[in-house]
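We name chains A, B, ... by the order of the sequence lines, and we start the count at 1 in each one.
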Number of protein chains: 2
Amino acid sequence: MAERQLNMREVARLAEVSVATVSRALREPDKVSDDTRARVNGAAAQLGYIYNAVAGDISTGRSTVIGVLVPAASNALFAETLHSIQDVAMAAGHSTIQGATRYDEAIEGKLIDTLLQRRVKGLVLTGLTYGQEARIAQLATASDVRIVITWEKPPVDTGSISYVGFDNRKASELAVRHLIELGHTRIGLIVGPYSRIARTRHRLDGYRDALDAAGIAFDPSLVLERLPEPVEGREAMEALLAQEEPPTGVFAASDMLAFGALRALHAAGLDVPSDVSLVGFDDVDLAAYTHPPLTTVRVDAARIGRLAAQILIDPAEARSRHYCLDCDLVIRGSTGPVRSGPLRGRHTEIKLGGIPS
Amino acid sequence: MAERQLNMREVARLAEVSVATVSRALREPDKVSDDTRARVNGAAAQLGYIYNAVAGDISTGRSTVIGVLVPAASNALFAETLHSIQDVAMAAGHSTIQGATRYDEAIEGKLIDTLLQRRVKGLVLTGLTYGQEARIAQLATASDVRIVITWEKPPVDTGSISYVGFDNRKASELAVRHLIELGHTRIGLIVGPYSRIARTRHRLDGYRDALDAAGIAFDPSLVLERLPEPVEGREAMEALLAQEEPPTGVFAASDMLAFGALRALHAAGLDVPSDVSLVGFDDVDLAAYTHPPLTTVRVDAARIGRLAAQILIDPAEARSRHYCLDCDLVIRGSTGPVRSGPLRGRHTEIKLGGIPS
DNA sequence: CTGTTAGCGCCTTCAA
DNA sequence: TTGAAGGCGCTAACAG
């Protein structure tokens, strides 16, 4: 019970060699005679010795731990990224410390502190809050902590910061254009915390781009900012449906929001897509399993994670790498042509030619 | 760029005190004069010094890192547990290293190795594979690594191992009994990898208990073992529906499986619950958002995480603690009385009095 | 191929 | 209240 963890010295003693030799036998087996290696391994096994990676790191001055911050682990989307990061990390003998920021700047800041204290080799950041941007930029230049921003293509100056993302604005435009092509002109948007996070703001921009291109006036009352959780999606959709002139197409810029929205639609007795079309974003696992299956923007979450981890771990990776991935629309059952008849007794008026404010 | 991370010595130099004093000023502010403390803090701030928690741990011989293993982070369920563990850990100045085992014994073993090498203070284990049980038991007694098993109440000897779980067998019985009370007699079970994991095996046991109590014969062809993912749930349900005499009620012992099953049901043009009733397990966030909303067994995932983390972190916690939580059935729209008419042209025969093999 | 010697960054007696 | 010295477990440079 509670025996002290043993160290190399004890292994050395049993194997009748020096500590340095044990270290070599364990980490660079070639640099040691067959006989010695066998004796060391034998002793280690017999004692049940477990290498102390913490001491190793501190002694070499290197770090074999990477930190990962996501907004919420409960979003299946980020979970996929986490998985692939772990795979790459484990294969390279690294560990990952992770944290969920919950879209909260203060929590995010504290988590970054913790990771830095833990002397991580690098940081994978997702959904970075505006408030932390400056600090991260400074960190990237003034320290040797590698930084990778994921899920977005940062708008400006990423000189020393790597990123693995895609064009959220274009992706968003794609989704909305799909609705427009189906004849929808009154299109709602339920979107994440764009006032705090760049990635989300770009999705709002893409929505406006699509509207502009089609000459549809921008109506702020159709845009709802919510946290990407099902409850919030449901409430937002309820609010949309309660309006004078509800939208016939809705773009929920996160599958989690879309799931909630779908529920609200069913609860209101509306049919999807014949009454209302719905588009999500992320193509989470479950998006293909809703009723009807969700049309959504597909992003290769696993690939993002893999690339991000490689950037951090691969010693050959230069100062910073920038990957901008493609993403496409997966059309499933939740979107269809706008219907001509009235929705719940109201006529949907078509506005054309309006110039967005 | 890439300036070397600075250490206490440099802070000490600037503050014109010794390293020991810096250490004290930072960790035990009371043991230092007001003046000194101010100077040290000032110097640290000016330099942008970041405390090295790794060196701290190694020097004290303590550990402020805890390891968490879950089968899959993508299961929203475990994500919740992770969140709450992190909250507790962060509040206590600890970090969490986590890993996803994917129900694979080899991966699980490798992850445990890594965590041990990282000298975690303790391990939170979920869905421990049979193959690792012995090793863990030994670890719990022979080392000072604390172990907490979660999500299940281990069947035997947990002398030195803590757990925070609930009675999976009873919970499962609860779900099946609900179906029986609705008049179902032909009940399918889609369940996780019970041949590798105890928690899952208990769910199978509970299913049989309920059947036994009602005098319903156990039919092995109605039991399908699958990994808890939507695809597998869909395929399993398809297999069930393809049988001579498909079940009228199905218990999917994981919401992820239930989501997939629901899809298969819709795709087959069947109505839930009037054609087939479906019960899930876990009460994941999204369970309330399916169509129809899922009847499922509710477990307080966040509470499990909180308790587990406390056991590991709280120095006052004795050698081992055992929590067995309650869990209850949340009845929503996916279950209803068995219908008397034929299902897809076939009669559901009622078997009674059979003794399970 | 192996042992000796420093040293990584911090903490903790023990004196002063 | 503060500093000096030794040590945590391991690695790296240098002899031999």
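Five base pairs at each end of the helix from C/dC1-D/dG16 to C/dA16-D/dT1 define two local axes, and these are offset by 30° (rounded to 10°).
Looking at heavy-atom distances under 4.0 Å, B/Val17 makes contact with sugar-phosphate atoms alone, never a base. When heavy atoms are screened at a 4.0 angstrom cut-off, A/Arg62 is found touching the sugar-phosphate backbone but no base atom.
Interface residues of residues 21-34 of chain B facing DNA chain C, ordered by number: B/Ser23, B/Arg27; criterion, heavy-atom separation under 4.0 Å. For the segment residues 39-47 of chain A, no residue has any heavy atom less than 4.0 angstrom from an atom of DNA chain D.
The A/Tyr49 side chain lies nearest to D/dC10 when the options are D/dC10, C/dC8, D/dA4. Checked against D/dG3, C/dC10, D/dG9, the side chain of B/Ala20 finds its nearest nucleotide in D/dG3. Residue A/Ser18 has its side chain nearest to C/dG3 when only C/dT2, C/dG3, D/dG9 are considered. The side chain of A/Ala55 approaches D/dC10 more closely than any other nucleotide in the set D/dC10, C/dT12, C/dC8. The side chain of B/Met8 sits closest to C/dC11 out of C/dG7, C/dC11, C/dC1.
The distance from the CG atom of B/Leu82 to the OG1 atom of B/Thr126 is 8.0 Å, given to the nearest 0.5 Å.
Using a cutoff of 4.0 Å between basic side-chain nitrogens and carboxylate oxygens, A/Asp113 and A/Arg135 are scored as salt-bridged. Of the charged side-chain nitrogens involved, none lies within less than 4.0 Å of a carboxylate oxygen, so that B/Asp144 and B/Arg62 do not count as a salt-bridged pair.
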